[in-house]
Each structure stands twice: as structure tokens, then as C-alpha cells.
Protein chains: 2
Amino acid sequence: MSAAEETPGVEDVPWGEVTPEAARRLLVAAVEAFAERGYHATTTRDIAGRAGMSPAALYIHYKTKEELLHRISRIGHDKALEILRAAADGDGPAAERLADAVRSFVRWHAERHTTARVVQYELDALGPEHRAEIVELRRESDATVRRIIDEGVAAGEFEVPDVSGTTVAVLSLCIDVSRWFNTQGRRTPDEVGALYADLVLRMVGAQK
Amino acid sequence: MSAAEETPGVEDVPWGEVTPEAARRLLVAAVEAFAERGYHATTTRDIAGRAGMSPAALYIHYKTKEELLHRISRIGHDKALEILRAAADGDGPAAERLADAVRSFVRWHAERHTTARVVQYELDALGPEHRAEIVELRRESDATVRRIIDEGVAAGEFEVPDVSGTTVAVLSLCIDVSRWFNTQGRRTPDEVGALYADLVLRMVGAQK
DNA sequence: AACGAGGGTGAGCAAGCGCTTAGATCCGGT
DNA sequence: ACCGGATCTAAGCGCTTGCTCACCCTCGTT
């Protein structure tokens with residue numbers, strides 16, 4: 001178990017960086033709606049309604065429905081990448097850093113699976129420029145995980161025949177948690193994180 | 001390597017079971033469109049256009065757009081389950097059967113990733129009864145994989161602390177191949193299948 | 001007291017949606 | 001030669017969509 005209790009600071013609220021307050025309410029409503037029904041099946045009226053506002057209010061804070069998705073996707077990817085980097089930049093052995101990365105990354109995808117579902121599975125609904133921007137962030141996530149595995153192999157901690165293939169598999173495994181994870185299910189985010197960290201260590205052939 | 005060569009029989013053509021020919025053309029067009037843009041972003045006019053027909057022609061062969069998705073989903077899930085069961089019902093050791101299952105399941109998800117993407121990720125667009133029917137098929141896929149792992153543990157071949165969690169992870173890993181796999185990418189479906197079979201054997205602690 | 005800027009609304013526009021209908025065309029059976 | 005069913009189309013109906021516009025309300029400032 002790692003340090004998880006903390007004083008409620010400035011940016012601990014999930015969408016604390018989004019202001020003003022009405023814009024945040026709209027964004028939170030959009031995340032819920034997109035996660036439940038998908039971007040294309042969600043109407044701007046539905047989003048505004050969930051936020052307790054008229055349909056026109058949405059366009060005071062966002063130019064288009066697509067801009068809303070982009071904001072969600074951007075903030076979510078930034079957060080995901082930050083989580084991976086925090087673990088990767090530790091100074092323990094590669095096995096420990098990889099386990100940390102998977103554990104916290106998976107925990108985030110489980111705990112905030114509504115957000116993660118939108119962030120990870122609605123990429124294609126973005127316009128070309130916005131999509132390109134997000135794809136670049138994903139490349140950095142990939143590079144971060146790959147680096148840990150590379151270092152583990154170099155240090156003789158891991159035994160991995162195909163580093164880039166294994167990297168893709170590890171990220172895919174973690175991301176897909178947001179698709180099947182259910183808050184009403186048997187497992188807590190912490191439990192899934194622990195299970196997945198163990199599975200990934202096995203995948204890279206780390207000795208226990 | 002398992003038996004995979006067979007004489008081109010009645011049902012080897014991907015959508016051979018769909019008749020008449022115009023209905024099949026529409027269904028194939030729908031698979032492509034749904035995979036590219038998602039169910040909700042696809043219009044009936046687009047589907048009919050890809051099949052070289054007028055929008056109204058669709059409704060001669062299918063009652064609604066949702067019925068098209070259901071037909072695709074049903075046939076796809078049947079095929080996926082059949083693949084898993086063929087491997088699970090083998091008579092070798094559990095490790096071999098698990099590797100076979102993952103290899104062929106992954107190969108299908110890579111080779112036919114357009115179909116698989118629709119089948120695996122557009123479940124929520126189905127109506128309640130159709131969704132329930134498909135969910136039941138997924139439960140059977142889960143049970144099939146779990147059985148192999150259970151038997152491997154019982155035989156002392158595997159070392160798995162959490163069988164149901166590992167089952168979910170294995171299936172999730174395989175299914176997500178259809179999301180990221182790209183025909184233009186570096187890897188062939190066979191290569192991904194082999195890589196994933198190896199990774200999964202590691203996940204269950206099979207001695208090599 | 002008057003102001004102006006920003007946040008909000010009700011009504012509604014143009015476009016596109018899933019789907020229907022009336023009628024044309026094809027074609028094997030008698 | 002004629003029929004009847006199956007297949008397909010042109011046109012379009014009723015509705016919803018993303019988004020806009022003219023207007024109103026609430027304030028801190030002067």
C-alpha cells in the first residue's frame with residue numbers, strides 16, 4: 001500500500017483546472033454522457049440538461065461539441081502520462097518502477113473509468129489536428145513504458161524477447177481496464193492494480 | 001503449430017452464411033462503416049452507398065440499422081467462441097491448449113480486426129434484448145478460458161493466485177488487439193498471435 | 001442612477017437522420 | 001402472353017441534430 005491520503009489541495013479535485021464553474025459542470029456532464037452512450041450518440045441537449053442549463057449555454061463556454069471532447073481528452077491524457085512518468089522516474093530497480101507504473105496507471109483507469117473510457121476509446125471522434133495532438137501524447141506514454149522495460153532488460157532484471165511488442169501489450173492491457181471495470185463489481189481499483197502489476201512482472205520475466 | 005489448413009469448404013468465406021448476395025454486400029459494407037466511424041456515426045445512406053444501392057434497399061433485407069449490427073455481432077461472437085472452444089477441447093496439456101486458444105483467438109482479432117472492432121466495441125449500441133443475448137455468449141467465452149486455466153492449475157502446470165482475475169485479463173488483452181492492430185503495421189497476425197501466446201503462458205506461470 | 005460586460009435563456013434555422021411508400025423492373029412458372 | 005412475387009429506386013415524411021440569434025438578467029464599477 002502506497003501513500004494515498006493527502007490534504008485536499010488546489011488541484012486534487014478531478015476537474016479542478018477547468019474554470020469557470022459552469023464550464024466545469026458542463027465538462028463533467030459531457031464526460032458522463034460520452035462514457036455512457038458514446039460521443040456520437042450524445043446530444044448537446046443531453047449534456048446541457050445534465051448540467052442543469054439550456055442547450056445554448058454550452059456554446060458560451062465551448063465553440064463546438066468536439067472542443068468539449070478535445071478538452072476532456074487532453075486533460076485525461078496529460079494526467080495519464082503524468083502518472084506513468086512519476087513511476088518511471090523513480091530510482092528503484094526496473095521491476096519496482098514497472099510495478100508502480102502499472103499499479104497506479106491501472107488504478108486510475110479503474111477509479112476514473114468513466115473519464116478513461118472517453119479518453120481512450122473516443123479518439124476517432126476528434127478532428128484531424130486534435131487527434132494528431134493526442135496521438136503524440138500516446139506515443140510518449142508508449143516511450144515511457146518502453147524505457148522502463150529496456151532498462152530492466154539491460155540490468156538483467158527482465159527477460160523479454162520482443163520489447164516493443166511487450167510494451168504495446170502492457171499498455172493495451174492496462175487501458176482496457178476502463179472498458180470492463182465496473183464500480184459495482186467484486187474488485188476495488190487497488191485490487192485490480194495489484195493483480196495487474198503482478199501479471200505484468202510475469203510478462204517481462206522478472207524474478208520474484 | 002496446430003492444424004489450420006483445410007479444404008475451402010462451404011463456409012470458409014468470411015460472411016458466407018449471409019444470403020442472399022445483396023444482404024451480404026450490405027452487411028459487409030456495414031462492417032466497414034461501423035469499424036471506421038462507429039455505429040452511431042454511420043448513416044444508413046453510407047452503408048447502402050458502399051454496397052452500391054439506394055438507401056431504401058437496406059430495409060428490404062433488414063428491419064432496422066440495429067438489426068444489422070446485431071447480425072454482425074451475433075455471427076462474430078459465434079465465430080470467436082467457436083475458435084476458443086476448438087482450442088480448449090484439444091487433448092494436450094493445458095499449457096498447449098491455452099497457447100493454442102490465445103494464438104488463434106488473437107490471430108482472428110488481428111486478421112479480421114474490422115469485424116472484431118465492431119463485434120467487441122459496439123455492444124452498447126445494441127438494444128436490451130440483443131445485448132443480453134450477446135453478453136451471454138461472452139460469458140461462455142470467459143468460462144471456456146477459465147476452464148483451461150483451472151485445469152492447468154489442477155494439473156500443477158500453472159501457478160495462478162487469482163484465476164478469475166487472470167481470465168478477465170487474458171481475454172481483455174486478446175480482444176484489445178482489434179483496437180490497435182493495423183494491417184499496415186510491422187507485425188503480421190501470426191506474429192502477434194505467437195507473441196501473445198508466449199505472454200499469456202508467462203502470466204499463468206507455465207514452465208517453458 | 002446609469003452602465004457595460006459576461007453568463008444565461010427561448011425560439012428556431014438549416015441540415016441530416018432513420019425509415020416509409022408508391023411505383024418501376026426483373027424473372028421463373030404456367 | 002400473362003402473372004405474381006421478389007428486388008430495387010425516387011421521393012419524401014416526421015423528427016432530431018448541432019448550432020445561432022435576439023434578448024434578458026445580474027453584477028461590480030463609476
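Throughout, a chain's letter reflects where its sequence line sits, starting with A, and its residues are numbered from 1. This structure is a prediction, so every number in the text was calculated from the model and none was measured.
Taking atom CE of B:Met53 as the reference point, atom P of D:dC8 lies 4 Å away to the nearest angstrom. Whole-Å rounding puts the A:Leu58 CG to C:dT9 P distance at 11 Å. Rounded to whole Å, the distance from CD on B:Glu66 to P on C:dC19 is 9 Å. Rounded to an integer number of Å, the gap from A:Lys65 NZ to D:dT16 P is 16 Å. Distance B:Ile60 CD1 to D:dT9 P: 8 Å, rounded to the nearest Å. When rounded to the nearest whole Å, the span between OH of B:Tyr59 and C1' of D:dA10 equals 16 Å. Atom-to-atom, CG of A:Asp46 to C1' of D:dG18 comes out at 14 Å; the value is rounded to the nearest Å. Rounded to an integer number of Å, the gap from B:Arg24 CZ to D:dT7 C1' is 16 Å.
For B:Pro20, counting side-chain heavy atoms from C-beta on, the closest listed nucleotide (D:dT7, C:dC19, C:dT9) is D:dT7.
Between B:Asp176 and A:Arg179, none of the side-chain N atoms (NZ, or NE/NH1/NH2) sits under 4.0 Å from a carboxylate O, so this pair counts as no salt bridge.
Within the structure, every side-chain polar atom (N or O) of B:His61 is placed at least 4.0 Å from both OP1 and OP2 of D:dA6. In this structure, B:Thr44 reaches the C:dG18 phosphate: one of its side-chain N or O atoms is under 4.0 Å from OP1 or OP2.
Take the nearest nucleotide of DNA chain C for B:Thr43 and for A:Ala23: the residue whose nucleotide is more 5' is A:Ala23.
Remark: side-chain polar atoms of A:Glu66 are paired, donor with acceptor, to backbone N or O of A:Gly127 under 3.5 angstrom.
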Quiz prompt | Intermediate values then yes/no, side-chain hydrogen bond (donor to acceptor under 3.5 Å, both in side chains), B:Ser164 and A:Arg187 | solution = CA-CA 11 Å; B:Ser164 77; A:Arg187 278 166 236 273; 2.6 Å; yes

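The base of C:dG16 has none of its N or O atoms less than 3.5 Å from a complementary donor or acceptor on the side chain of B:Arg45.
Using cut-offs of 30° and 60° for the angle between ring planes, the A:Trp180 and A:Tyr196 rings count as tilted.
A side-chain donor-acceptor contact under 3.5 Å links B:His70 and B:Glu133.
Residue-level contact check: B:Ser54 touches the bases, meaning some heavy atom is under 4.0 Å from a base atom.
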